*Asks:* 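Pasting a structure here, questions to come.
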Amino acid sequence: MIAQEDELKALMVRSLAGDGAAYAELLRKLQTHLRAYYLRRLGRAADAEDLLQETLIAMHTRRATYDPSRPFTAWVHAIARYKMIDYFRRTKRRAEDPLDDPDILFGSEDANAAEAQLDVERLLHKLPVKTQKLIRDVKIEGLSTAEAAAKHGLSESAVKVGVHRGLKTLAGQVGDDT
Amino acid sequence: MKTDDLISALSTDLEPAPKHAVGQRLLLALGAGIVVSSLMMWLWLGPRPDMMPAMATPMFWMKFIYALSIAAFGFGLIDRLARPGGQGGVWRTLLVLPLAFMIIMALYRYGQAPPENHMAMLLGSSWTVCARNIAILSLPIFAALFWGLRELAPTRLTAAGATAGVLAGAVGTFIYAFHCTESAAPFVAIWYTLGMAAMGVLGAILGRFLLRW
């Protein structure tokens with residue numbers, strides 16, 4: 001059985017009874033699993049996020065189809081997998097993962113993302129402070145080059161060059177680490 | 001929209017989910033279909049004129065029991081398949097039992113009968129229209145069940161569509177049996193079954209397209 005089954009199922013049972021707080025907690029826990037699951041299969045973060053939101057909405061509107069006498073993780077996995085196959089059908093790509101089961105969905109989570117973030121922070125600290133700030137603003141916070149240029153009083157091309165050099169150094173560091 | 005905002009929006013003012021929503025929805029669809037289909041049978045074909053004497057014969061009841069048992073097991077199966085990840089389990093096996101029983105009975109009766117009766121047992125007087133009429137009477141039920149399933153969440157669309165088709169076919173057969181005067185087991189085993197099977201095939205084909213959500 002999936003390790004999180006009892007915990008998630010308890011939250012779902014309370015959610016079905018109308019407990020909004022339990023439901024919010026449940027959805028937040030599920031989104032980390034779903035994001036990692038879709039990201040690994042779709043590759044593109046924006047597509048994975050769209051599909052994640054679509055799945056959460058589908059789960060919400062059809063939550064009454066969950067039968068509490070059956071495993072909750074299997075119910076979530078069936079929806080997640082169905083939505084992914086549906087996505088591939090719409091975009092004319094084929095699902096490449098025939099050996100898909102609930103363990104895969106619940107074996108991975110975004111806690112890995114938290115770890116990855118720690119790694120990034122550690123690496124960033126090896127760069128000059130100015131470059132650190134640029135990379136943080138452009139690549140992590142998602143500012144445009146123009147916005148970052150205005151913020152730091154630099155030209156756009158200086159921002160681009162700074163980010164590019166910084167990333168190159170980081171890439172070199174990662175290569176050294178492994 | 002950010003995913004965190006979506007989660008807040010979904011969990012604010014959360015309504016309790018109705019219990020037994022799947023079964024209720026399917027029963028509602030089935031009920032609506034049965035009303036339309038019964039009216040069709042009454043106005044278009046009419047009930048058999050010899051209803052009273054026929055009720056004294058076992059074959060009169062056999063036809064209803066055959067259709068009703070397939071409908072009941074089909075309903076159990078569709079109640080499973082209408083949910084994400086739903087497996088057929090024991091219902092799929094149960095669904096085969098009435099068919100097996102009917103075939104055995106048909107073979108036995110056929111074997112017992114004198115050869116000159118064989119053609120009549122197989123074709124009766126209505127073999128050209130029986131399966132077609134069953135399919136036509138099943139269509140309103142079929143449409144209602146598909147409408148019901150679209151609000152639910154089947155993840156195996158072909159299986160769910162086929163099951164909805166067989167269920168619609170079985171209920172349509174039950175209604176048709178009020179009109180049909182045939183009484184030979186081989187006839188029922190062939191033509192009634194063919195009508196239901198045709199609906200199952202139709203459901204399997206359409207399920208992939210019409211049941212997406």
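Values in this document were obtained by computation on a predicted structure and should not be read as measured data.
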*Asks:* Let me know if Asp19(A) has heavy atoms under 4.5 Å from chain B in its side chain, its backbone, both or neither.
*Replies:* backbone
*Asks:* What part of Arg212(B) gets closer than 4.5 Å to chain A, counting heavy atoms only: side chain, backbone, both or neither?
*Replies:* both
*Asks:* If I measure from the heavy atoms of chain B, does Leu52(A) come under 4.5 Å with its side chain, its backbone, both, or neither?
*Replies:* side chain
*Asks:* Counting heavy-atom pairs under 4.5 Å with chain B, which one of Leu26(A), Val76(A), Leu56(A), Asp86(A) comes out on top?
*Replies:* Leu56(A)
*Asks:* Given heavy-atom pairs under 4.5 angstrom as the criterion, report whether the side chain, backbone, both or neither of Ala17(A) touches chain B.
*Replies:* backbone
*Asks:* Indicate the atoms forming the closest heavy-atom contact of Val22(B) with Asp79(B), along with that distance.
*Replies:* CG1-OD1, 3.5 Å
*Asks:* May I ask you to check if Arg132(B) and Trp191(B) form a cation-pi contact, with NZ or CZ under 6.0 angstrom from the six-membered ring centre and within 45° of the axis?
*Replies:* no
*Asks:* Who wins among His77(A), Glu25(A), Arg63(A) for the most heavy-atom pairs under 4.5 Å with chain B?
*Replies:* Arg63(A)
*Asks:* Out of curiosity, Thr73(A) OG1 to Glu7(A) CD, how far, rounded to the nearest 0.5 Å?
*Replies:* 12.0 Å
*Asks:* Sort Arg28(A) into side chain, backbone, both or neither according to what part of it lies under 4.5 angstrom from a heavy atom of chain B.
*Replies:* both
*Asks:* In Å, rounded to the nearest 0.5 Å, how long is the span from OG1 of Thr55(A) to CZ of Arg35(A)?
*Replies:* 12.0 Å
*Asks:* Any chance CG of Asp13(B) has more than 12 other-residue heavy atoms, nucleotides or ligands included, within less than 6.0 Å?
*Replies:* no
*Asks:* Could you tell me which portion of Leu152(B) (side chain, backbone, both or neither) has an atom closer than 4.5 angstrom to a non-hydrogen atom of chain A?
*Replies:* both
*Asks:* Kindly compute the distance separating CG (Leu6(B)) from NE2 (His60(A)), expressed to the nearest 0.5 Å.
*Replies:* 9.0 Å
